[in-house]
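Structure first, commentary second.
Note that the coordinates shown come from a computational prediction; the quantities given were computed from them, not determined experimentally. Just so it is clear: chains get the letters A, B, ... in the order the sequence lines come, proteins before strands, and each one is counted from 1. Note that these values count all heavy atoms, side chains included, but never hydrogens, waters or copies made by symmetry.
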There are 2 protein chains.
Amino acid sequence: MTTDTTTAEPERTRAPNIRDVARVAGVSYQTVSRVLNDSPNIRPETLARVRAAIDELGYRPNQAARALVTSRSRTIGVLASQTVHYGPATSIQAIETAAREAGYRLSITNISSSEYASIKSGLDYLMSQSVEALIVIAPQVRVFEAITDLQVGVPYVTLESTGSDAKHSLWVDQVTGARMATRHLIDLGHEEIMHISGPQDWIEAEARMQGFLRELDDADLRTRAPILGDWTAHFGYYAGLELLRYRDFTAVFCGNDQMALGFIHACRESGLDVPGDISVVGFDDIPEAAHFAPPLTTVRQNFAEIGRRSIELLLGELRGDTDLSHEPVRPELIVRHSTAARRS
Amino acid sequence: MTTDTTTAEPERTRAPNIRDVARVAGVSYQTVSRVLNDSPNIRPETLARVRAAIDELGYRPNQAARALVTSRSRTIGVLASQTVHYGPATSIQAIETAAREAGYRLSITNISSSEYASIKSGLDYLMSQSVEALIVIAPQVRVFEAITDLQVGVPYVTLESTGSDAKHSLWVDQVTGARMATRHLIDLGHEEIMHISGPQDWIEAEARMQGFLRELDDADLRTRAPILGDWTAHFGYYAGLELLRYRDFTAVFCGNDQMALGFIHACRESGLDVPGDISVVGFDDIPEAAHFAPPLTTVRQNFAEIGRRSIELLLGELRGDTDLSHEPVRPELIVRHSTAARRS
DNA sequence: GCGCGCGATGTGTACGTTCACATTGCGCTG
DNA sequence: CAGCGCAATGTGAACGTACACATCGCGCGC
């Protein structure tokens, strides 16, 4: 800070407050406050004078003071576990935009593991910032538990879960999505279908698995124990290498696109053709999926839509709206070239 | 639990404050404040009593009040433009973790375009929350300008830029990374090398392009005008289809892994083999790159490292440390199977 | 035995804002 | 022309915390 002395730094003066603005505008501080809060019943002339004073001083309202007196933090907390992934990241971006437009800011925190302690500490951190509402994008198996334990007295929604708690969940219908994917494979004549699932403690992984199993069941096909993966391409690859040693199946439904990518890699290395020898379906439709080799058949989820809707829902609840029914978002099957009719 | 029983059921409305805690603990509110701020010179016994009272009441310090009186928001602002991308997302996650550990929270905002107005409004939004420091992860061409215009009087760093302003930048040495990639292709005997670059207004795209051009120049090879892309796999694909109609090159250096993926897709569709006919190098080393077909040769950047270091740097500056020299982070060439010696 | 220093604790006040209520001015009605 | 209502503005409190300073008690050196 000591380097630049070209401009005569006006002393480290404190930021202007409404009283300073009032003095310049020749009104009382309360009038300034009214201008800031868009109160009606202000003479246009006074309004202009105050506005001018604000600009002149470069005044910015002090959010802390505002929060203190109104006891409204104007902050929405986001508890996430994998902000790096395409799905959560997309939702969060939509959430941020929607929140900002509504005059709210976001406080995001990542949990390091799905341990109860970790969830609780994340939640605790958010509560200590007195968030007005909560959005959870994380493995939810224990989140509801933690929310109850901590007595978070604020509206909340969980994303990407099933509708286990309809009032507080907002979700793409994972079960239907998984059924669509599975149905697609069945329609192509496949009878021996594997499923590489997401981690057991992710409710959405669980939901996709359920959809898969139910659809097989409805078609009277043999169901087999899904492999529990970790969402990564690496897992898909190594699981693929292992599974392909037996090769007692002709199609695979992967819990997400990354694992599908890894699995296809394993097929290639094992000298098998996709979709010639084995059909593969993913889930999510990340932007890259269209350019995989071959382009991936997958189930598209509208992550941004979910993000927007979650804010809508929470703000409604904060406003006191009661009728907050919400439909699950419908997923969409995108058929590309990683699936083909079973060779007879 | 039942200290003063005379009062009726305390109204549920107000959260407990330090005075409530003090009353329960039988000390003054100032002592409670001391406990909260880890002040020395507190009798162990008193400390225990206060701690007990805090637990009993479920007391949480009011951050707004704290911020008001200390005029420290304990918030670091992040201006981002593409939080969905792997690189920024990874950095941000690291930043969040490091910040939280240091007792800071994050306020993240996305800019919708690289227009000056958009940058300025994003910056303005962050400043209105009186952030104590600023991290910029965005096309910086106009960011410095905006920062100057708005007179943000806080420490800041920009990520993923070149070292155009060494004091305020933290970056993976993109130029060196690009040179490594290009050198690798040259070493394999390629002489006609294309470059598909990132958007022109991203400084890091510019830096990679510079590295590419310089390395070619040093090797006395023909340089050709890079294609300006938009980071997406889609662009890589369509650019590839176009470029391959002429096919007057044997290798391509792509500005990121996604564009490389798209380009390889185009090669496949054009009946060309990678790396047999054409070698492809990416940049970033996203986790999926190892499973592309073929697995992608690319330049790895340690995004998390950058995130951590940025917080370190800013906190140092806030603490008043002067000696804040920082080295650029070295990238690393990861050779996989998308590159091969030029066929003679 | 007295004051001194220091550890431990208490008291007053300011931070910048909004809310509840008070006050002014003015046109209108009866 | 008194009084009423309403628009426009002003005044006095909070909100919950940290900082500066004041106070208390006690062991110690002289």
Practice item. I would like to know whether A/Thr75 and A/Leu106 meet side-chain contact (heavy atoms from CB on, under 4.5 Å); could you show each step before the answer? Key: CA-CA 5 Å; A/Thr75 300; A/Leu106 241 49; over 6 Å; no
Point to revise | Trace of the side-chain contact (heavy atoms from CB on, under 4.5 Å) decision for B/Ile135 with B/Ile311 | key: CA-CA 9 Å; B/Ile135 298 179; B/Ile311 287 290; 4.0 Å; yes
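- Within residues 53-73 of chain A, the residues approached by DNA chain D to less than 4.0 Å at the level of any non-hydrogen atom are A/Leu68, A/Val69, in residue-number order.
- Mapping A/Leu36 and B/Ile42 onto DNA chain C by nearest heavy atom places B/Ile42 at the nucleotide closer to the 5' end.
- Closest approach of B/Val154 to B/Val131, counting heavy atoms only: CG1-O, 3.6 Å.
- Of the side-chain N and O atoms in B/Asn41, none sit less than 4.0 angstrom from OP1 or OP2 of C/dT9.
- B/Leu47 places its CG atom 17 Å from the P atom of C/dG7, with the value rounded to the nearest Å.
- Spacing between atom CD1 of B/Ile18 and atom P of D/dA18 amounts to 6 Å, rounded to whole angstrom units.
- Of the residues in residues 21-35 of chain A, those placing a heavy atom less than 4.0 Å from an atom of DNA chain C are A/Tyr29, A/Gln30, A/Ser33, in numerical order.
- A salt bridge links A/Glu305 with A/Arg308: at least one charged nitrogen is closer than 4.0 Å to a carboxylate oxygen.
- One atom, CZ of A/Arg19, and another, P of D/dT11, lie 10 Å apart when rounded to the nearest Å.
- OP1 or OP2 of C/dT9 lies within a sub-4.0 Å distance of a side-chain N or O belonging to B/Thr46.
- The CZ-P distance, from B/Arg49 to C/dA8, rounds to 14 Å in whole Å.
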Check your understanding: Can you check side-chain contact (heavy atoms from CB on, under 4.5 Å) on A/Arg100 and B/Ser121, steps first, answer last?
Key -> CA-CA 12 Å; A/Arg100 173 147 69 126; B/Ser121 112; 4.1 Å; yes
Practice item. List the steps and the verdict of side-chain contact (heavy atoms from CB on, under 4.5 Å) for A/Asn62 and B/Ser130. Key: CA-CA 8 Å; A/Asn62 181 317; B/Ser130 47; 5.6 Å; no
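- Salt-bridge formation is detected for the pair B/Glu132/B/Arg72: a Lys NZ or Arg NE/NH1/NH2 atom is positioned less than 4.0 Å from an Asp or Glu carboxylate oxygen.
- Proximity of A/Tyr104 to A/Leu315: side-chain heavy atoms (C-beta onward) are separated by under 4.5 Å at one or more points.
- Contact check, A/Arg43 against D/dT9: a side-chain N or O comes under 4.0 Å of OP1 or OP2.
- From one end of the helix from C/dG1-D/dC30 to C/dG30-D/dC1 to the other, with five pairs defining each end axis, the axis direction shifts by 60° (rounded to 10°).
- If you take CD on A/Gln129 and OG on A/Ser73, they are separated by 8.5 Å, rounding to the nearest 0.5 Å.
- Side chain of A/Ser118 to backbone of A/Glu115: no donor-acceptor contact under 3.5 angstrom is found.
- In this model, the phosphate group of C/dC15 is not approached by any side-chain N or O of A/Asn17 to a distance below 4.0 Å at OP1 or OP2.
- Side-chain contact between B/Val32 and B/Arg51 is absent, with no heavy atoms from C-beta onward closer than 4.5 Å.
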